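Accompanying notes for the structure given below.
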Amino acid sequence: MADFDGKRGLVLGVANKRSIAWAIAKRLADGGASLAFTYQGERIEAGVRELAGTVDSPLVTECDVRSDDDVARVVAEVGEAFGGELDLLVHSVAFAAAEDLAGRFTDTPRERFWMALDVSAYSLVAVARAAEPLLAAAGGGSILTMTYLGGERAVPHYNVMGVAKAALDSSVQYLAWDLGQKNIRVNAISAGPVRTLAARSIAGFPTMEAIVEERAPLRRHISADDVGAAAAFLLSDDARNVTGTTLYVDSGYHAMGM
Ligand code: NAD
Ligand code: 0WE
């Protein structure tokens with residue numbers, strides 16, 4: 001498990017101990033990585049600082065991914081903390097207005113459509129561009145984002161988040177092409193439903209888990225730690241020639257037609 005000895009990473013999207021980003025961070029830290037964290041909003045600052053402290057993080061700083069100023073400042077701080085180099089970048093951020101994850105996609109207003117795409121898709125492009133010099137200075141690196149099947153098929157109520165994931169998935173491919181020239185890899189994990197903060201507030205979440213247990217080839221739902229294990233592979237040098245791809249951690253659900 002010393003795959004990440006001497007590696008330096010930036011993790012966006014830890015809200016609490018249930019966050020997928022935290023499961024990924026734990027795996028990387030166990031493997032020897034040094035990790036910087038960002039959080040959004042004072043409400044979760046103390047919790048994120050406490051978690052980051054358990055893995056001896058050198059940097060915990062605020063980042064609202066809608067703000068170019070925040071993104072630039074964070075990357076500057078990361079550069080200072082890690083001597084101008086970065087090896088790993090974990091993007092685990094998404095948001096849509098709660099009212100748009102219920103009812104009809106058809107009714108999504110223009111402003112909230114763009115807000116969901118800004119936070120959930122454009123942010124990967126913004127952060128990748130800002131971090132590119134640090135990743136290139138390290139001789140290359142690995143970027144990972146989190147996606148969901150609702151970006152490829154219509155999942156009832158996922159709605160505008162599905163459109164945002166479609167944009168995110170495509171961004172992974174275009175970023176992979178641009179950044180591949182600098183030995184920077186860009187991949188996604190498509191996770192099945194996991195009971196995180198972002199998921200628990202969604203009505204019918206237990207029903208989704210039950211559907212996975214009934215219809216997925218492995219007939220069980222997944223955990224954040226399952227995502228952490230797959231993330232460790234994609235972020236490691238074992239995946240040195242893997243880029244522009246999506247790895248499904250969903251008990252095989254995506255392979256089914258019924
Ligand atoms: P989570 O609530 O723990 O993480 C979501 C994170 O997004 C939070 O840390 C939140 O602070 C952050 N965020 C929201 N708006 C932001 C903004 N403007 N600026 C910066 N950060 C912002 O929930 P999670 O389930 O761990 O979600 C992480 C990722 O995994 C998301 O991309 C989500 O779409 C994806 N995903 C989740 C599931 C699931 O079932 N939980 C399945 C597949 C993919
Ligand atoms: O990507 C997600 C959820 C992301 C998310 C969650 C929330 C809840 C709170 C984005 N924005 C918000 N906004 C809030 O106000 N998932 C993959 C989990 C998820 O969410 C669903 C799902 C699944 C699966 C919503 C409807 C249907 C299925």
Side-chain angles (χ1 to χ4, degrees), residues 10-25 37-45 47-48 51-52 61-71 74 90-105 112 115-124 126-127 144-169 171-172 188-209 211-212 221-228 230-231 246-251 253-254:
L10 169 62
V11 179
L12 294 90
V14 176
N16 59 34
K17 66 171 199 255
R18 289 203 177 77
S19 295
I20 289 171
W22 179 243
I24 296 170
F37 292 88
T38 71
Y39 62 89
Q40 189 217 3
E42 286 169 17
R43 264 185 330 116
I44 62 169
E45 176 176 1
V48 175
L51 289 170
T61 192
E62 183 160 21
C63 187
D64 184 329
V65 295
R66 290 170 297 186
S67 158
D68 289 326
D69 288 349
D70 271 20
V71 170
V74 165
V90 176
H91 172 278
S92 184
V93 170
F95 189 77
E99 58 253 68
D100 294 331
L101 297 176
R104 304 195 320 157
F105 168 67
R112 295 206 305 262
M115 186 275 293
L117 270 89
D118 188 15
V119 174
S120 313
Y122 183 75
S123 62
L124 178 69
V127 172
L144 179 65
T145 189
M146 294 302 310
T147 190
Y148 177 60
L149 188 65
E152 305 173 63
R153 322 270 177 76
V155 172
H157 303 308
Y158 199 61
N159 296 2
V160 70
M161 268 309 307
V163 177
K165 290 304 191 190
L168 180 75
D169 294 352
S171 299
V172 165
I189 287 177
S190 181
V194 183
R195 266 190 225 205
T196 58
L197 184 67
R200 283 194 316 170
S201 56
I202 284 143
F205 209 79
T207 312
M208 282 187 266
E209 287 175 334
I211 289 171
V212 170
H221 59 261
I222 69 145
S223 71
D225 287 340
D226 298 331
V227 179
T246 301
L247 182 54
Y248 293 85
V249 180
D250 67 346
S251 300
Y253 185 87
H254 71 283

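One-based numbering, in listed order, for ligands and for the atoms of each. Just so you know, these numbers use all the heavy atoms, side chains as well, and skip hydrogens, waters and symmetry mates. All values reported here derive from a predicted model rather than from experimental measurement.
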Side-chain heavy atoms of Met208 within contact of Ile202, under 4.5 Å: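 Result yes, sub-4.5 Å side-chain heavy-atom pair found.
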
List the closest protein heavy-atom neighbour of [atom]: residue, atom name, distance to the nearest 0.1 Å.
| atom | answer |
| --- | --- |
| atom 9 (C) of ligand 2 | Ser201 OG, 3.4 Å |
| atom 7 (C) of ligand 2 | Ala198 O, 3.4 Å |
| atom 20 (O) of ligand 2 | Ile202 CD1, 3.0 Å |
| atom 28 (C) of ligand 2 | Met208 SD, 3.2 Å |

Would you mind listing which atoms of ligand 1 come within a distance below 4.0 Å of any non-hydrogen atom of [X]?
| X | value |
| --- | --- |
| Thr147 | 43 (C), 44 (C) |
| Leu197 | 2 (O) |
| Pro193 | 40 (O) |

If we only count N/O pairs under 3.5 Å, is [X] in contact with ligand 1?
| X | result |
| --- | --- |
| Asp64 | yes |
| Ala191 | no |
| Val194 | yes |
| Lys165 | yes |

Using heavy-atom distances only, which candidate in [options] approaches [atom] most closely?
| atom | options | answer |
| --- | --- | --- |
| atom 6 (C) of ligand 1 | Gly41, Ser92, Ala198, Gly150 | Ser92 |
| atom 13 (N) of ligand 2 | Ser190, Ala96, Ala203, Pro156 | Ala96 |
| atom 4 (O) of ligand 1 | Ser190, Gly13, Ala15 | Gly13 |
| atom 22 (C) of ligand 1 | Val93, Val127, Leu168 | Val93 |
| atom 19 (N) of ligand 1 | Val65, Ile189, Asp70, Ile44 | Val65 |

Which one holds for [X] and ligand 1: side chain close, backbone close, both close, or neither close, with close meaning a heavy atom under 4.0 Å?
| X | result |
| --- | --- |
| Cys63 | backbone |
| Phe205 | side chain |
| Asn16 | neither |
| Thr38 | neither |

Should Tyr158 be counted as touching ligand 2, given the test is an N or O pair under 3.5 Å? yes

Qualifying residues under ring pair (Phe, Tyr, Trp, His ring centres under 6.0 Å), relative to Tyr253, sequence neighbours excluded: none

So, does [X] use its side chain to make a donor-acceptor pair with the main chain of [Y] at under 3.5 Å?
| X | Y | value |
| --- | --- | --- |
| Gln40 | Gly13 | no |
| Asp169 | Ala166 | no |
| Thr145 | Ala188 | no |

List the residues meeting side chain to side chain donor-acceptor pair (under 3.5 Å) with Arg66, not counting sequence neighbours, and say none if there are none. Asp64

Mind checking whether Trp22 and Phe37 have parallel, tilted or perpendicular rings, split at 30° and 60°?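 Ring orientation of Trp22 relative to Phe37: tilted.
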
From atom 10 (C) of ligand 1, is the closest protein heavy-atom distance below 4.0 Å?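 Neighbour list for atom 10 (C) of ligand 1 is empty of protein heavy atoms (cut-off 4.0 Å).
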
Quick check on Arg18 - does any of its heavy atoms sit under 4.0 Å from an atom of ligand 1?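 Arg18: no contact with ligand 1 (<4.0 Å).
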
